[in-house]
Amino acid sequence: MKPENDSQVSGFILQGFSEEPKLQFIVFVIFISMYLVTVLGNLLIILAVISDPHLHTPMYFFLSNLSFVDICFTSTTVPKMLANIQTQRKSITYEDCITQMYFVNVFAVLDDLLLTVMAYDRFVAICHPLHYTVIMNPRLCGLLLLGSWVISSLNSLSHSLLALRLSFYKDVEISNFFCELKQVIQVACSDTLLNNVVMYFSTFPLGLGPLAGILYSYSKIVLSIRRISSVQGKYKAFSTCASHISVVSLFYCTSLGVYLGSSAAHSSQSSSIASVMYSVVTPMLNPFIYSLRNNDIKRALRALLFKGTLIGQLT
């Protein structure tokens, strides 16, 4: 078979999870439910932070931005998959695939960087509480958020531009439900050495670098908590980090497993499941993790829901 130039490729085939009609319906119901829960849960977190003046702090500022990114992250993959199931098609155009790959990379790296920034925020709050408001001032918070967006956008742009130089066979199959960078590179029929080098070299500073920063922050946090004399004080300090630790563990265990695992070690099915975990399940669970373990968020959500109920009764 003769490889086609990237400008002539009509599209790709997204294999998804199953070709059985009955299983397709079950997959559709599961994913549309997860998507709606993700959007609603993260939207409630954003509205709670905006509506409650007590939550206008750096920690909740970054949490609301993380919720926004999670909504965008899921929205780049799940609606297309649901549309394909509904129309009983598995195709995606070449242009849509590159665009989807770009935004998936942007929001995945943004998730990573925001989790790192949130770890730094907890480090300052626990290790330098007297200087917290001075260090985590609005200007620094804005710069950290802007820097995260710029870094993630430039990183994703570089991968997308490099992908444009690749050639593919017509209607090549991608063993996932969305266009993921690693798998798009694997199905190319031209030389992918440069793409692989850039992908793996960017994984270290943007994947392992933030992870090292998170681990360093929490090593300092643990040392500071150990110096607290009262058990109640230790519990209060640790409780502010518990939700973040849970989200970080879930995100890294799945996303690094996808990008650092060798192709031979993962079947297409297990790779798809891992992709679901970090691109769909993690954004869905984040609001529950933060709301169940955080009294401030629970109070703000109750006030928001009560206000909404009261307005509904008055109208």
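In what follows, every heavy atom counts, from backbone to side chain, and hydrogens, waters and symmetry copies are set aside.
- Between Gln100 and Asp96, the closest side-chain pair of non-hydrogen atoms is not below 4.5 Å.
- Pairing each heavy atom of Phe177 with each of Leu14, the nearest pair is O-CD1, 3.6 Å.
- Between Val109 and Ser156, the closest side-chain pair of non-hydrogen atoms is not below 4.5 Å.
- What you find for Val39 and Ile71 is that their closest heavy atoms are O-CD1, 3.9 Å.
- Judged as a salt bridge (Lys or Arg N to Asp or Glu O under 4.0 Å), and not counting sequence neighbours, the contacts of Arg299 are Asp52, Asp296.
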Test log, rule side chain to side chain donor-acceptor pair (under 3.5 Å), inputs Arg89 and Thr87: CA-CA 5 Å; Arg89 297 174 58 191; Thr87 58; 5.1 Å; no

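- Residue pairs meeting the salt bridge (charged side-chain N to carboxylate O under 4.0 Å, His left out) criterion with at least one member in residues 25-47: none, sequence neighbours excluded.
- Looking at heavy atoms from C-beta onward, Ile214 lies in side-chain contact with Tyr252 at the 4.5 angstrom threshold.
- In the hydrophobic clustering of this structure, Ile221 does not group with Ile228; members are Ile, Leu, Val, Met, Phe, Trp, Tyr whose side-chain heavy atoms approach within less than 4.5 Å, directly or through other members.
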Phe178 and Ile92: CA distance, side-chain angles, deciding distance, side-chain contact (heavy atoms from CB on, under 4.5 Å) verdict: CA-CA 9 Å; Phe178 66 94; Ile92 184 171; over 6 Å; no

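- In this structure, Tyr132 places its OH atom where more than 12 heavy-atom neighbours from other residues, nucleotides or ligands lie under 6.0 Å away.
- In His56, the NE2 atom is crowded: over 12 heavy atoms of neighbouring residues, nucleotides or ligands sit closer than 6.0 Å.
- Under the 4.5 Å side-chain contact rule for hydrophobic residues, Tyr102 and Met81 share a cluster.
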Audit row: Cys189, Leu166, side-chain contact (heavy atoms from CB on, under 4.5 Å) steps and yes/no: CA-CA 8 Å; Cys189 57; Leu166 298 177; over 6 Å; no

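- With a 4.5 Å cut-off on side-chain heavy atoms, His131 and Val124 do not count as touching.
- Rounded to the nearest 0.5 angstrom, Met34 CE and Thr74 OG1 are separated by 8.5 Å.
- Side-chain contact between Tyr218 and Cys241 is present, with heavy atoms from C-beta onward closer than 4.5 Å.
- No donor-acceptor distance shorter than 3.5 angstrom exists from the side chain of Ser153 to the backbone of Val150, with no hydrogens or angles considered.
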Step-by-step side-chain contact (heavy atoms from CB on, under 4.5 Å) determination, Ser279 to Val104: CA-CA 8 Å; Ser279 65; Val104 166; over 6 Å; no

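- Taking the ring pair (Phe, Tyr, Trp, His ring centres under 6.0 Å) definition, one finds that His128 meets it with Phe123, sequence neighbours left out.
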Candidate pair Val276 and Phe31, rule side-chain contact (heavy atoms from CB on, under 4.5 Å), full reasoning: CA-CA 10 Å; Val276 170; Phe31 273 85; 3.9 Å; yes

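- A 4.5 Å side-chain heavy-atom check between Ser249 and Ile245 finds at least one atom pair inside the cut-off.
- Crowding of Lys80 atom NZ: a count of heavy atoms from other residues, nucleotides or ligands under 6.0 Å exceeding 12.
- Across every non-hydrogen atom of Asn105 and His159, the tightest pair is ND2-CB, 4.2 Å.
- The only member of Leu113, Val106, Asp112, Leu110 that meets side-chain contact (heavy atoms from CB on, under 4.5 Å) when paired with Ile151 is Leu113.
- Environment of CZ in Phe28: crowded, with over 12 heavy atoms of neighbouring residues, nucleotides or ligands closer than 6.0 Å.
- Side-chain contact between Tyr35 and Ser75 is present, with at least one heavy-atom pair separated by less than 4.5 Å.
- Rounding to the nearest 0.5 Å places OH of Tyr216 at 10.5 Å from OH of Tyr120.
- For Cys97, the disulfide (SG to SG under 2.5 Å) criterion is met by Cys179, not counting sequence neighbours.
- Under the 4.5 Å side-chain criterion, counting only non-hydrogen atoms from C-beta, Val117 is in contact with Ser148.
- In this structure, CZ in Phe12 is found 12.0 Å from CD in Gln183, a value given to the nearest 0.5 Å.
- When every heavy atom of Ser224 is checked against every heavy atom of Ile126, the shortest pair comes out as CB-CG2, 4.1 Å.
- Taking the six-membered ring for Trp and the full ring otherwise, Phe62 and His244 have centroids separated by 6.0 Å or more.
- When hydrophobic clusters are built by joining Ile, Leu, Val, Met, Phe, Trp and Tyr residues whose side-chain heavy atoms come closer than 4.5 Å, directly or via intermediates, Phe288 is grouped together with Ile30.
- Residue Thr192 holds its OG1 atom at 12.0 Å from NZ of Lys182, rounded to the nearest 0.5 Å.
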Evaluation steps, side chain to side chain donor-acceptor pair (under 3.5 Å), between Ser246 and Tyr290: CA-CA 9 Å; Ser246 302; Tyr290 276 101; over 6 Å; no

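- Heavy-atom minimum distance, Pro205 versus Pro210: O-CD, 3.0 Å.
- Cluster membership check: Leu43 shares its hydrophobic cluster with Val281, using side-chain heavy-atom separations under 4.5 Å among Ile, Leu, Val, Met, Phe, Trp and Tyr.
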Result block: side-chain N/O donor-acceptor pairs under 3.5 angstrom for residues 135-146, not counting sequence neighbours:
unit_1: Asn137; atom_1: OD1; unit_2: Arg139; atom_2: N; d: 3.1
unit_1: Asn137; atom_1: OD1; unit_2: Leu140; atom_2: N; d: 2.8
unit_1: Asn137; atom_1: ND2; unit_2: Val134; atom_2: O; d: 3.0
unit_1: Asn137; atom_1: ND2; unit_2: Ile135; atom_2: O; d: 3.3

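- Ring pair Phe107/Phe73 is tilted by interplanar angle, where 30° to 60° counts as tilted.
- Across all their heavy atoms, Ser217 and Ala119 have their closest contact at CB-O, 3.9 Å.
- In this structure, Ile185 CD1 and Leu162 CG are separated by 8.0 Å, a value rounded to the nearest 0.5 Å.
- Every pair tested for salt bridge (charged side-chain N to carboxylate O under 4.0 Å, His left out) that includes a residue from residues 114-129 fails, sequence neighbours excluded, so the list is empty.
- The only option from Asn65, Thr38, Asn286 that meets the side-chain hydrogen bond (donor to acceptor under 3.5 Å, both in side chains) definition with Asp70 turns out to be Asn286.
- One distance of note links CD1 of Ile289 with CD1 of Ile297; it measures 13.0 Å at 0.5 Å rounding.
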